[in-house]
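See below for the structure under consideration.
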Amino acid sequence: MRAWLAGVVASFLVVPLTAVPAARSAPARPDARTCAQAGLLFCEDFQAMPVGGASSLRWGIDTKHGTLTVERGGRPGQKVLRVHTEGNGRAFLKVDDFAAPGNSFYGRVRLRAGAFPTAPDWAHYTLVEATGDGPEVVRPLGGQYAPPPHGGAAYWGVGADGGPTGDWTNWRTSAPSVTGRWTCVEWHMDATDNRISLWFDGVAKPELTVSTREHGGDPVDFVFPRFDTIKLGWQLYQANPTPAGYDVWMDDIALSSRRVGC
């Protein structure tokens, strides 16, 4: 094997340098693939927005002790949305008048979190929320801090509140909420059996799936409302959390009747 490798290396060394053209670096360019796709129900990549306080005629804002700003440099060549909150505040980009065929849809967002709560015990948070005509407040992307002996860390989970199933977050220790790096998160809301499925960086997380009879709440059916509002951002529900402030950066938000992909 070593002799074969030596022969291969030698064959490269004898090639004249002039025989290999100088490589040119591909110019950096914004990722225009998301909002260029046909058939999207909603899309925002922030590229056309000015830097500063975030506002748009296509979506609204829901904040309390929080802010939304558009920044450069969150991803190479991209503008991104910075979500900032203090304490148990909230800050959401809100898609109103949303309607999906058959009340089913896919979502995709790229995100990076600066921190997740480490106190109080069982502190939980939401990054995506879907509401409408019906009592359940559905949270396809959120999580919870589980104290020792349950891991002493924050974990992703699907959740709900306000409806017959109660207040719950179906977190799993196999899905830790990781800080400091960009993650592509996808979710699917399937109204045929009130099923929510998730993917992280293109990899399915079936242990996070919930459905009509299989969820983390009271032993009654989990049923979607007729969705008309989708919110993306951050909300923490417990007072005096540790840390006291939170930052989440988001980009390439898309809602579609088909899977968008990463």
Side-chain angles (χ1 to χ4, degrees), residues 42-75 78-98 107-132 137-145 154-162 167 169 171 177-183 185 187 227-255:
F42 173 82
C43 188
E44 180 60 82
D45 61 10
F46 307 102
Q47 288 301 102
M49 298 189 63
V51 172
S55 64
S56 173
L57 295 177
R58 299 187 303 106
W59 42 265
I61 292 173
D62 177 12
T63 62
K64 181 178 181 181
H65 305 304
T67 59
L68 299 177
T69 55
V70 176
E71 298 182 347
R72 294 185 184 275
R75 297 174 60 220
Q78 304 286 296
K79 295 177 185 176
V80 301
L81 180 71
R82 179 186 178 186
V83 180
H84 175 77
T85 64
E86 294 290 333
N88 60 339
R90 68 177 184 269
F92 286 107
L93 179 157
K94 186 170 66 167
V95 183
D96 292 309
D97 302 320
F98 178 77
R108 200 282 301 278
V109 61
R110 303 186 197 278
L111 63 86
R112 178 169 67 89
F116 291 99
T118 57
D121 291 354
W122 308 111
H124 68 112
Y125 45 91
T126 294
L127 286 86
V128 180
E129 185 174 276
T131 56
V137 176
V138 182
R139 295 161 178 159
L141 182 63
Q144 193 159 20
Y145 170 72
Y155 303 103
W156 293 119
V158 176
D161 195 4
D167 181 5
T169 303
W171 55 269
S177 295
V178 179
T179 63
R181 67 176 180 84
W182 284 95
T183 302
V185 182
W187 68 95
F227 296 120
D228 60 24
T229 303
I230 311 298
K231 299 197 298 185
L232 298 99
W234 174 269
Q235 182 169 7
L236 182 66
Y237 303 95
Q238 285 70 35
N240 303 313
T242 301
Y246 297 87
D247 289 286
V248 178
W249 291 264
M250 292 186 165
D251 197 10
D252 290 345
I253 296 169
L255 307 174

After noting the C-alpha distance and the side-chain angles of W249 and E71, does the key distance pass the side chain to side chain donor-acceptor pair (under 3.5 Å) rule?
-> CA-CA 9 Å; W249 291 264; E71 298 182 347; 3.3 Å; yes
W182 and R112 have their tightest heavy-atom pair at NE1-NE, 3.6 Å
So I253 and R108, side chain to side chain contact (heavy atoms under 4.5 Å, CB included) or not? Walk me through it.
-> CA-CA 6 Å; I253 296 169; R108 200 282 301 278; over 6 Å; no
Heavy-atom side-chain contact between T131 and F227 under 4.5 Å = no
Would you indicate whether the side-chain heavy atoms of W234 and R90 approach each other to under 4.5 Å?
-> no
What's the verdict on side chain to side chain donor-acceptor pair (under 3.5 Å) for T169 and Y155, showing C-alpha distance, side-chain angles and the deciding distance?
-> CA-CA 10 Å; T169 303; Y155 303 103; over 6 Å; no
Using 30° and 60° as the class limits, which term best fits the ring planes of W59 and F46: parallel, tilted or perpendicular?
-> perpendicular
Taking the side chain as every heavy atom from C-beta outward, state whether T229 and D97 have any pair of such atoms under 4.5 Å apart.
-> no
Identify the two heavy atoms, one from A130 and one from I230, that lie closest to each other, and give their separation to 0.1 Å.
-> CB-CD1, 3.6 Å
Looking at side-chain heavy atoms only, is the closest gap between L127 and V248 below 4.5 Å?
-> yes
Hey, mind stepping through S177 and W171 against side chain to side chain contact (heavy atoms under 4.5 Å, CB included) and telling me if it holds?
-> CA-CA 10 Å; S177 295; W171 55 269; over 6 Å; no
Search all heavy atoms of P117 against all heavy atoms of P243 and return the closest pair with its distance.
-> CA-CD, 4.3 Å
Would you find a donor on one side and an acceptor on the other, under 3.5 Å apart, between the side chain of S56 and the backbone of R58?
-> yes
Nearest heavy-atom pair of N240 and P120: which atoms, and what distance?
-> O-CD, 4.4 Å
Does the separation of the ring centres of Y145 and F116 fall below 6.0 angstrom?
-> no
Any side-chain heavy-atom pair from V109 and L232 closer than 4.5 angstrom?
-> yes
Does a side-chain heavy-atom distance below 4.5 Å link E129 with V137?
-> yes
Okay, side chain of K79, backbone of V51: is any donor-acceptor separation there less than 3.5 Å?
-> no
Residue pair T126 / V128: nearest heavy atoms and the distance that separates them | CG2-O, 3.4 Å
Report the residue from L93, T67, L68 that forms a side-chain contact (heavy atoms from CB on, under 4.5 Å) with I61.
-> L68
Could you give me the CA-CA distance, side-chain angles and deciding distance for F92 and Q235, then say whether side chain to side chain contact (heavy atoms under 4.5 Å, CB included) is met?
-> CA-CA 8 Å; F92 286 107; Q235 182 169 7; 3.6 Å; yes
With the side chain counted from C-beta on, respond yes when H84 and T69 share a heavy-atom pair under 4.5 Å apart, and no when they do not.
-> no
Look at R110 together with D251 and state whether they make a salt bridge at an N to O cut-off of under 4.0 Å.
-> no
Could you tell me which non-hydrogen atom of P140 sits nearest to which non-hydrogen atom of W187, and how far apart they are?
-> CB-CD1, 3.8 Å
Would you find a donor on one side and an acceptor on the other, under 3.5 Å apart, between the side chain of Q238 and the backbone of H124?
-> yes
Going through the distances and angles, do L236 and T85 end up as a side chain to side chain contact (heavy atoms under 4.5 Å, CB included)?
-> CA-CA 9 Å; L236 182 66; T85 64; 5.9 Å; no
Would a distance-only check, ignoring hydrogens and angles, find a side-chain to backbone donor-acceptor pair under 3.5 Å from Q78 to V80?
-> no
